[in-house]
Amino acid sequence: NFNMLRQFGTPALMVPLGMAGDAPIKNWAGIAGKDFSEAELELIGGEAVVAQQERRYACYRCPIGCGGHMKEGSGEYQYEAGAHKPEYETLAMFGSSCLNCNLESIIKVNDICNRYGLDTISTGAVIAMAIECYENGIISKEDTDGLEMSWGNHQAIVAMTERIAKREGFGAVLADGAKVAAERIGKGADQFAMHIQGQELPAHNPRFGFHWALGYRMDPTPARHTQGPGRPPRGLPIPEYDRNSQSGMQPGYKLAHSFSHVVQSLGLCIFVYWALPHIDPLMESIKAVTGWEVTFDELFKTGERITNMRQAFNVREGLNALQFHIPDRILGKPPQEEGPLKGITLDEETIDGEYLAAMGWDPVTAKPGRSKLEELGLTDVVGALWP
């Protein structure tokens with residue numbers, strides 16, 4: 001619903017996705033609706049955020065205009081008027097994942113991260129990891145500069161975010177992300193580090209949407225929600241499949257993913273792309289701007305070339321996505337016993353295997369096949385991968 005995005009921006013997603021099991025709860029180990037209730041989600045949801053918003057803003061001529069600037073912080077946390085509205089990812093990573101329902105603290109950490117150039121997904125993830133380490137006795141107040149890094153302690157969350165930004169005290173331990181922080185802490189901290197290949201997971205649960213499981217591992221830049229196919233417009237000939245099954249989605253994912261790469265290469269906003277009533281206006285707009293009489297098939301091949309080129313680069317550098325480790329709790333091992341994700345465990349072999357077959361990539365090395373590369377006209381890549 002793009003009217004919802006226009007009114008609230010991405011914070012509109014916080015309550016519905018939190019209750020559905022898509023948003024991370026308690027560093028991905030919690031149960032939606034139980035460990036973080038609907039009432040707590042509402043405190044950091046769209047209506048609560050907009051109540052603190054000073055004014056909306058939009059990219060030039062955008063029909064959606066999802067952005068916003070916040071009022072001046074006048075309570076416990078001080079920030080200037082005009083601080084950026086926190087997005088869904090920020091609300092989830094510093095909110096539900098840390099069991100924190102104090103909205104002003106999230107606006108504050110969002111402002112800190114923006115001013116220091118920190119990614120809010122990664123910073124929120126490493127804070128949640130530190131909290132779980134603290135709660136399990138792996139680190140103590142002596143390690144954390146006297147901060148009580150307990151669930152929902154928004155004062156400690158803000159203070160530690162400032163330390164990370166300045167690389168001060170324990171913040172210096174956390175400042176390079178969850179993977180490196182877990183290695184520095186030791187003592188089993190790695191079990192609470194939610195990352196793939198050093199990239200912290202964004203706030204969409206692959207047990208809720210199986211396509212996330214595919215993209216988080218098999219995309220050449222793993223654990224990034226914006227590299228998936230998203231919600232493509234009508235007109236893409238995506239084969240029918242059972243959305244409750246982990247099998248059968250891969251051919252459609254390939255098609256939608258290819259178009260997603262095209263859209264990003266064109267510099268278009270993915271929200272506007274998703275809002276298109278049909279895929280045809282995309283071709284019409286390309287023609288209007290460039291004069292290129294592009295066809296649907298040409299765009300698809302362009303996206304497929306991008307996907308294969310990115311994968312070929314990783315393979316050439318010795319990376320095999322099938323060897324990337326995904327934390328067990330992300331996979332649902334063991335599955336949750338209650339809540340919206342009850343009983344769900346991801347079948348990596350099916351999810352990844354069907355995708356490799358659809359792409360024409362090797363089932364063991366994930367190397368793009370010679371025939372596929374030749375079909376796409378990537379003859380120079382053939383020479384690099386298949387000497």
Side-chain angles (χ1 to χ4, degrees), residues 10-11 14 23-30 36 44 49 70 73 77 79 83-135 138-139 143-145 147-185 189-190 192-205 216 221-226 327 330:
T10 60
M14 191 65 248
I25 308 290
K26 201 176 182 180
N27 198 25
W28 298 97
F36 204 70
I44 59 172
V49 172
M70 307 306 289
Y77 298 106
Y79 41 84
H84 194 282
K85 176 168 66 179
E87 303 288 348
Y88 161 75
E89 297 288 332
T90 307
L91 293 163
M93 300 309 293
F94 280 105
S96 59
S97 189
C98 294
L99 302 189
N100 172 27
C101 59
N102 183 285
L103 177 58
E104 286 202 341
S105 71
I106 301 176
I107 298 171
K108 177 64 176 180
V109 294
N110 187 53
D111 192 49
I112 293 170
C113 289
N114 285 341
R115 291 178 181 276
Y116 282 87
L118 300 179
D119 174 56
T120 57
I121 294 175
S122 293
T123 307
V126 78
I127 291 282
M129 184 202 80
I131 291 173
E132 195 161 7
C133 287
Y134 184 91
E135 294 277 9
I138 293 176
I139 57 177
D143 301 302
T144 62
D145 316 315
L147 296 176
E148 186 176 348
M149 297 299 297
S150 54
W151 293 116
N153 187 343
H154 55 89
Q155 292 97 343
I157 291 170
V158 172
M160 189 58 72
T161 301
E162 290 179 332
R163 283 165 168 76
I164 290 173
K166 298 175 181 178
R167 286 186 177 267
E168 293 178 349
F170 194 69
V173 176
L174 304 178
D176 293 298
K179 179 179 184 293
V180 174
E183 292 168 353
R184 290 170 175 164
I185 295 168
D190 59 313
F192 306 129
M194 299 296 106
H195 69 87
I196 301 175
Q197 288 295 103
Q199 177 62 58
E200 293 79 10
L201 275 85
H204 293 286
N205 199 323
Y216 286 172
T221 50
R224 288 167 174 84
H225 64 297
T226 55
I330 300 298

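This chain uses plain numbering: 1 for the first residue, then up along the sequence. Bear in mind the structure is a predicted one, so any value in this text is a computation, not a measurement. Quick note: numbers below take in every heavy atom, side chains included, and nothing from hydrogens, waters or symmetry partners.
Summarising the geometry, atom CE belonging to Met93 is positioned 7.5 Å from atom CG belonging to Asn27; distances are rounded to the nearest 0.5 Å. Rounding to the nearest 0.5 Å places OH of Tyr88 at 5.0 Å from NE2 of His204. We find the OG-CD1 distance between Ser105 and Ile157 to be 6.0 Å, quoted to the nearest 0.5 Å. Interatomic distance, Ile107 CD1 to Ile112 CD1, rounded to the nearest 0.5 Å: 12.5 Å. Taking CD of Glu162 as the start and CD of Glu168 as the end, the distance is 9.0 Å to the nearest 0.5 Å. How far CD1 of Ile139 is from CZ of Phe170: 4.0 Å, rounded to the nearest 0.5 Å.
Looking at every heavy atom in both residues, Ile196 comes nearest to Leu201 through CG1-CD1, 3.9 Å. Residues Asn153 and Glu148 come closest through the heavy atom pair ND2-O, 2.8 Å. The minimum heavy-atom distance between Pro327 and Ala193, with the atom names listed, is CG-O, 4.1 Å. Of all non-hydrogen atoms in Ser150 and Tyr134, the two that sit nearest each other are N-CD2, 4.2 Å. The minimum heavy-atom distance between Gly171 and Met160, with the atom names listed, is N-SD, 3.9 Å. Heavy-atom minimum distance, Trp151 versus Cys98: CE3-O, 3.7 Å.
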Go through Asp119 and Glu200 one step at a time and tell me if the side chain to side chain contact (heavy atoms under 4.5 Å, CB included) criterion holds.
-> CA-CA 10 Å; Asp119 174 56; Glu200 293 79 10; 5.7 Å; no
Taking it one step at a time, do Ile164 and Ile127 satisfy side chain to side chain contact (heavy atoms under 4.5 Å, CB included)?
-> CA-CA 9 Å; Ile164 290 173; Ile127 291 282; 3.8 Å; yes
Full working for side chain to side chain contact (heavy atoms under 4.5 Å, CB included) between Thr123 and Phe94 | CA-CA 8 Å; Thr123 307; Phe94 280 105; 3.7 Å; yes
Walk me through it: do Met14 and Ser96 pass the test side chain to side chain contact (heavy atoms under 4.5 Å, CB included)?
-> CA-CA 9 Å; Met14 191 65 248; Ser96 59; 3.7 Å; yes
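Every residue two or more places apart in sequence or in another chain that forms a side chain to side chain donor-acceptor pair (under 3.5 Å) with Thr10 is listed here: Glu87.
Inter-residue side-chain proximity for Ile121 and His225 is flagged as met; some heavy-atom pair is nearer than 4.5 Å. Between Pro86 and Met70, some side-chain heavy-atom pair lies under the 4.5 Å cut-off. Side-chain contact between Tyr79 and Glu104 is present, with heavy atoms from C-beta onward closer than 4.5 Å. At a threshold of 4.5 Å between non-hydrogen side-chain atoms, the residues Val109 and Thr120 do not count as touching. Proximity of Asn102 to Tyr77: side-chain heavy atoms (C-beta onward) are separated by under 4.5 Å at one or more points. Residues Ser122 and Gln199 are in side-chain contact: their nearest non-hydrogen atoms beyond the backbone lie under 4.5 Å apart. At least one side-chain heavy atom of Tyr216 sits less than 4.5 Å from a side-chain heavy atom of Pro202. Annotation: side chain of Asn110 is in contact with side chain of Asn114 (closest heavy-atom distance under 4.5 Å).
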Atom pairs and distances, donor-acceptor, side-chain atoms in residues 172-182, under 3.5 Å, two or more places apart:
| from | atom 1 | to | atom 2 | distance (Å) |
| --- | --- | --- | --- | --- |
| Asp176 | OD1 | Arg167 | NH2 | 2.8 |
| Asp176 | OD2 | Arg167 | NH1 | 3.3 |
| Asp176 | OD2 | Arg184 | NH1 | 3.1 |
| Asp176 | OD2 | Arg184 | NH2 | 2.7 |
| Lys179 | NZ | Glu183 | OE2 | 3.0 |

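Judged by distance alone, the side chain of Arg163 and the main-chain N or O of Thr161 form no donor-acceptor pair under 3.5 Å.
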